[in-house]
Every structure is written in C-alpha cells, then in structure tokens.
Q: 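Below you will find the structure I want to go over with you.
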Number of protein chains: 2
Amino acid sequence: MSYTLEDIARLAGVSRSTVSRVVNNHPNVRPAVRERVWEVIHQVGYQPHAAARSLATNRTNVIGLVIPEAVSTLFTDPFFSLLIRGITDGCYARNYHLMLALFSTPAQEEDLYNRLLRSRYLDGVVLASTRLDDPLVGRLLSDGIPFVSIGRHPDPRVSYVDVDNVAGARMAVDHLIRLGHTRIGTITGPLNMSAGADRLEGYKQALQAHHIPVDEQLIVEGDFTEGGGLASMARLLSLDPRPTAVFVASDTMAMGALRAVRQAGLRVPQDISLIGYDDVPQAAFLDPPLSTVRQPIQRLGETAAHVLVDLITHGQDHAQRLVLMPELVLRQTTARL
Amino acid sequence: MSYTLEDIARLAGVSRSTVSRVVNNHPNVRPAVRERVWEVIHQVGYQPHAAARSLATNRTNVIGLVIPEAVSTLFTDPFFSLLIRGITDGCYARNYHLMLALFSTPAQEEDLYNRLLRSRYLDGVVLASTRLDDPLVGRLLSDGIPFVSIGRHPDPRVSYVDVDNVAGARMAVDHLIRLGHTRIGTITGPLNMSAGADRLEGYKQALQAHHIPVDEQLIVEGDFTEGGGLASMARLLSLDPRPTAVFVASDTMAMGALRAVRQAGLRVPQDISLIGYDDVPQAAFLDPPLSTVRQPIQRLGETAAHVLVDLITHGQDHAQRLVLMPELVLRQTTARL
DNA sequence: GGTTATAATGGGAGCGCTCCCAACACGAGC
DNA sequence: GCTCGTGTTGGGAGCGCTCCCATTATAACC
C-alpha cells in the first residue's frame, strides 16, 4: 500500500498541485501550508513515484556507466571500482542514480544499446575508457544522447574528462632519467585507447627532451592485464642489453611485470627499476611497494558525473573538456642506476 | 523525435492495442498483421518508453545491487567486480537491468534507501555480503521489497545464494593437515559476516575431525583487506612457536599475508604454507602463485539475479535458498611440512 | 475603500503505455 | 441459414505525476 500525491493532498487539506509544488520546492506556497504538507509527507512516508514523474517530465534522473565490450575484460581492474565509486558519489550529490551497462559480447552491446538507451531508461551515459574508434561514440552522437567520455576523444563534439596521460608518463620517465637510466623500456596499454597512446607519447617526449633516442625495440604493446604485463616484461628482459628501467602503463600490468622479473631471477629495483601507473590500492602492498603515477580516479568519476548532469540539465550546446593532473608517487621499485 | 505506440499503429494501419500485443508477444494477432507491425517497428526503430510502461505495469525491470555502507570499503576487492559481472549477465538474460546502490556513509544509506527503494525505481534488490545483523534486512523485509542476500542469513524469510563456506574452509584446512601440518593458524574475515563466521567454523571442524585441538591464539580476526591481512599475519608470525601453515579467509588478505611473511625474512611455502580463499584473477599471478579455494563468484551473481527475478515475477511466498560448492585450487603456496 | 498587481491555489490535460471489455469476423455444427 | 464459440481487433480508462491556465486570496498603493 503506498500513497499518491492525491492522498497527501487529501490528508493535508490542499490540492494535488500544491503538494507537487511543495515536493518540488517551488516558491509560491504559503509557509504554513508548506509545513503542514511536509508533516503529512513525513508521517506517512510518502515518496513520489519515479516512473510517473519520468513520464511527465521526460527525465529519469538515472545515468548509465557504459563499459564497452572492447574493454569489458578489464573490468576486474581496481581502476573501475574506484571509478564507479567516484561516479556514484557524483551522482548522489546531484540527486542522480547510476545504472550499469557492462557489455560482455558484441551481440549484447547491440541488444542492450537499444533496450537501455533508446527506451529512455537513462538521461545520459558515462562512457568508460573507450577505444578511439569505438562506434558507440558515433551512435550516441547521432542519437543525441548526452554523454561524457572517460578519456580524451578527438571528435570536437565529444565531452570528456581525462587525466593528463602525456604529462603523467613524462613525469615517470623523467624520474627514471634523473636516476641515471638511459636504457628505458615501456610496456604500453592498447594503442587504440587514448590512455595507451598518450602514455606512450609522454614516454617518447621525456626521452627526446633528454636527447635519448627512442628505440622501438624497447617499446612493447601490452593490454592492461596482469598476464599481458608478465609476457611483455619477459620480452623486454630477453633483450640484449636489457633495459635497466621500465615504465609500465598500468599498475595491474606492473604486477605481472614484477613477477616476470622475479622469474628471471632478477631483483627490483637493484637489477631493474619499475614504475607503474594508476596507484591502485594494491600498489602500496606489492613487494616491493610500487612507484607509480597516481591518477585521481575517484575524482575523475565524480567529475564525469557532474559534467554529465550539467550537460543533461543545461543542454549540450558545446562540449565540456576537463583534464586533471596526475602525481608521481615514489616508493621502492625505482633506484639509481 | 521519437515514436509512440500510436504512431506505429497509424503507420501499420492497426490500433494501438494491436501494436502493444505484437510488442509484448501476446497471441491472438493474425500472423500477417504481426509481421506488418514488426516491419514498421524495425523500420522506424521504435522502442517502447520505459517510464510509460512502468507506470502502467508497476514494474521497472530494474533491480539494484545494494552494497551496504558496512562493507563498502571492500568494494575494490575483485570479488565485487566478478559478482557484478555475474549479476549483469543474469539480468540481461532475463531482460532486466542493474542499478548500483553503493552506500559510502550511514547518512547516504538512509537517504538513498528512500530515494531509490521507496520511489519504486527498483523491482527488487541483491544485497551484497551484508553483516548478519544489518538493519537493512529488516527494513527490506518490512517494506516488502523482494531481495536476495549474497551469503547466508539466519532469518527464515530471507532468500539467499551462498557458497558453502564451511565446506570450503574445511577443504583448505584438510589439505594443510594432509601435508603434515598440525600447527595451523587462520586469519578470519569479520565474524559478523556469515562468510567470516562460516570459514572459521570450517577451519575448526577440520581440525576437530583430525583431533587437533583448536588453539585460540592461532585465530586472528581480519577484515578482508590487504592491510588487515598483513597486520594479522605479522601477529601470527610473532607467536612462538609460530604456525607452519595459515588458512587466510580471502585472497586479498592473503596478498597482505604474503608480504608480511616476506618482510619477516621467511619464504612461502618452505617456511610457511599459505592458502587463500576466492581465487580472484590475481591469485594465479602472485609470487608464488596462490593456493586457494575457488568460489564460483560470477555464477553466484548470476544465480542471485535469476533467483531475484523469479521472486519478483512469481511472488515471494517462500524464501529461496541456494548453496553452491567451492573447489580447492592448489598452486604453489602450500608444501609438505 | 477601491483599484491594481501579485501571490497562492485548484483542476484539467496529457505524458505513453497496459489492461479490460465490447464489438466484430468467421468457421463449425446442426 | 441460424446459432454458437473462438479468434481477432479497437477504444476507453487509468497508472501518478507535472505543467499550464484560470481563479481566488492577499498585499500594496494612492
């Protein structure tokens, strides 16, 4: 048994419209009346019916977090947990809720896109770590669905929130250079993701700034997974001469890399320095504790939620772009050559 | 610009009702008509308006995953990522969607409970890893909201899906005993969570079955976090004589424990055997690869979603209880004494 | 105290769907 | 050829809100 606006109106001796005005904080209600209505509302525990409201306003107050099929295998990475926590906090602060759209297969992506987006369950979506050429972007654009991308996107119509990956990578590699390393390898992320491409760009910029030639042999493309990090590191270690330091484009890959080093009978940081990226909670608990580039992941999610809600409420005439700054966190996997 | 039922009806030369019947797969529509209607629907890309449907049916086809404030700090544990993936898969298979309710603070929990549950955004809720005495359970029960708990709950009205934690722990400790260990410690989970309490119970049962006395000194309560695992392990290692094997009630804590062992200058498994619980994706990549008890976490989530949807559609007259079986995964952190 | 301007209130219409019931078509059966 | 019965179709009502507009109460001013 639950109450409707009309019930509250009757109980408070006013009209449906007045109760609606009270609930929605419209002015033009006499304070005495307002108070009496609130009293009744609290007493019976009235809550407006979300669907009825949506039907009338054409707003659901729900946004979605879309994790494209292409990156869904990365979902267990703590990056996503932190991102989700940030997004939910951002949502709650703006009276919004978060729906999850985790696409595991291309067929699911197709099916769910229609079911979820076109049926207006959602007012907008946060698009997580998409590939640069993901067709989802074009689709959202042409369907006119407000969205924010986590990570830079070249299309000028796309709003995004990102952390400066070029700068972050540059900071990490700069630091390795300051420690005397010159033969520095890197394990990149997938290069069709902006995070992957940008961190590689930062790596190259740092080397060039110090007039160290970029050696393509020292660049191995990884996939942001632990297993990928292990395999890529093994390849770098087989080089002769092997690198004395490696910039790994994610902490998760760095965990694999750490293991590859150990398997090869070498020590971090005595034989080889390692620096990761993300500063996930585990990083401080690795052995040895991982030096890394801290991304404000939670704030990234929170910001994305705010930007999206602004886009929804104030219209999306021009794209919003926000870039946060990363920060170097030095622990014990980096040492002087 | 988007179409309504009425638009489709006009375009197909039938009535609103007939289109509705087609969309909802009701019988009693002539095949020729049905086909013609589908054709129009596909051609213009019609999707029923979710809110309108909800208002008429009193169903949203959305369920929530509630992560109570009390366990929200554990959210970065890969356990939750896997659980979420399972739940979403279960939802999609049943034409449902998943909303996230991640409560970070008690105030948020209070506020969101009303906003989300009472306003009928959700048809039901999956309650994640709650404490045994969580007031949320009583509240959902008295509000008549269908829900499924992840993890056993004593109240006979509560439906739950669980993995047999007593059996899992027994398997792990049995194995340590078979390897010749008799001085076996354990780092438990929080004992006010069924997973924590049950795994401790399994530990005790295994010892008793082999007539090994339970030594309270060897039981340290942990909190399912990495840092907690490290601290608890340090305490066990300071014992004299120290245990030769430890059953750690989660892989995440085991990562911390592994590090504590290393900090103490000891080796796993030569000096001390370790066995974890969960088999999270990282477990195989630890150094050395972690022996553990595999929980079918994804299937747990999937099953929970199915049970919940059944509860929603077929009524919740009697509680559903399902218990899945764990499985021992032996890697390289356990060795003969 | 009468006239405006403005604030406060009530009620109708409509959002897009489902569900129910009435109406109709058509073949079967006598 | 009439009556059933079953299969098929259409339209009204209603889900619980918001929004607009008409109406009435109140304040402001000379």
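Proteins come first, then strands; the chains are lettered A, B, ... in the order of their sequence lines, and each starts at number 1. Bear in mind the structure is a predicted one, so any value in this text is a computation, not a measurement.
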Q: Counting side-chain heavy atoms from CB outward, which of dC17(D), dT18(C), dC15(C) is closest to P48(A)?
A: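 So the nucleotide nearest the side chain must be dC17(D).
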Q: Indicate yes or no for a side-chain donor-acceptor contact from N61(A) to the backbone of Y96(A) under 3.5 Å, with no hydrogens or angles considered.
A: no
Q: Salt-bridge test for E110(B) and R115(B): reply yes if a basic N is under 4.0 Å from a carboxylate O, no otherwise.
A: no
Q: So, OP1 or OP2 of dT18(C): does either fall under 4.0 Å of a side-chain N or O from T57(B)?
A: no
Q: Any sub-3.5 Å donor-acceptor pair from T18(B)'s side-chain atoms to V14(B)'s backbone N or O?
A: no
Q: Given atom CD of E6(A) and atom C1' of dG12(C), what is their separation to the nearest angstrom?
A: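 Those two atoms, CD and C1', are 12 Å apart.
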Q: Please report, rounded to the nearest Å, how far the C1' atom of dG16(C) is from the CD atom of Q47(B).
A: 14 Å
Q: Assign N24(A) to base, sugar-phosphate, or nothing according to its heavy-atom contacts below 4.0 angstrom with the strands shown.
A: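 Sugar-phosphate only.
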Q: What distance separates I150(B) CD1 from L127(B) CG, expressed to the nearest 0.5 Å?
A: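 Rounded to the nearest 0.5 Å, the CD1-CG separation comes to 8.5 Å.
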Q: Parallel, tilted or perpendicular: which describes the rings of Y121(B) and H97(A), with under 30° parallel and over 60° perpendicular?
A: perpendicular
Q: With a 4.0 Å cut-off on N to O distance, would you call R321(B) and D162(B) a salt bridge?
A: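 Salt bridge flag = no for D162(B) with R321(B).
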Q: To the nearest Å, give me how far apart CG (N25(A)) and P (dC19(D)) are.
A: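 That distance rounds to 13 Å.
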Q: What bend angle does the helix from dG1(C)-dC30(D) to dC30(C)-dG1(D) show across its length, from five-pair end axes and to the nearest 10 degrees?
A: 40°
Q: Answer yes or no: is there a donor N or O on one side and an acceptor on the other, between the side chain of D89(B) and the main chain of G86(B), under 3.5 Å?
A: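 Side chain of D89(B) to backbone of G86(B), a donor-acceptor pair under 3.5 Å: no, none is there.
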Q: Take nucleotides 4-11 of chain C nucleotide by nucleotide from the 5' end and write B, S or -, depending on whether a protein heavy atom sits under 4.0 Å from the base, only from the sugar-phosphate, or from neither.
A: ----SBBB
Q: Could you state the CZ-C1' distance from R53(B) to dG16(C), rounded to the nearest angstrom?
A: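 One finds 11 Å between C1' of dG16(C) and CZ of R53(B), rounded.
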Q: Does NZ or CZ of R118(B) come closer than 6.0 Å to the centre of the six-membered ring of Y113(B), within 45° of the ring's axis?
A: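 No - R118(B) does not lie over the ring of Y113(B) by the 6.0 Å and 45° rule.
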Q: Given atom OH of Y46(B) and atom P of dG16(C), what is their separation to the nearest angstrom?
A: 10 Å
Q: Atom NE2 of H26(B) to atom P of dT8(D): distance rounded to whole Å?
A: 14 Å
Q: Can a donor-acceptor pair be found between the side chains of R53(A) and N58(A) at a distance below 3.5 Å?
A: no
Q: Specify the separation, in whole Å, of atom CZ of R118(B) and atom P of dG16(D).
A: 15 Å
Q: What integer distance in Å separates N58(A):CG from dG14(C):C1'?
A: 13 Å
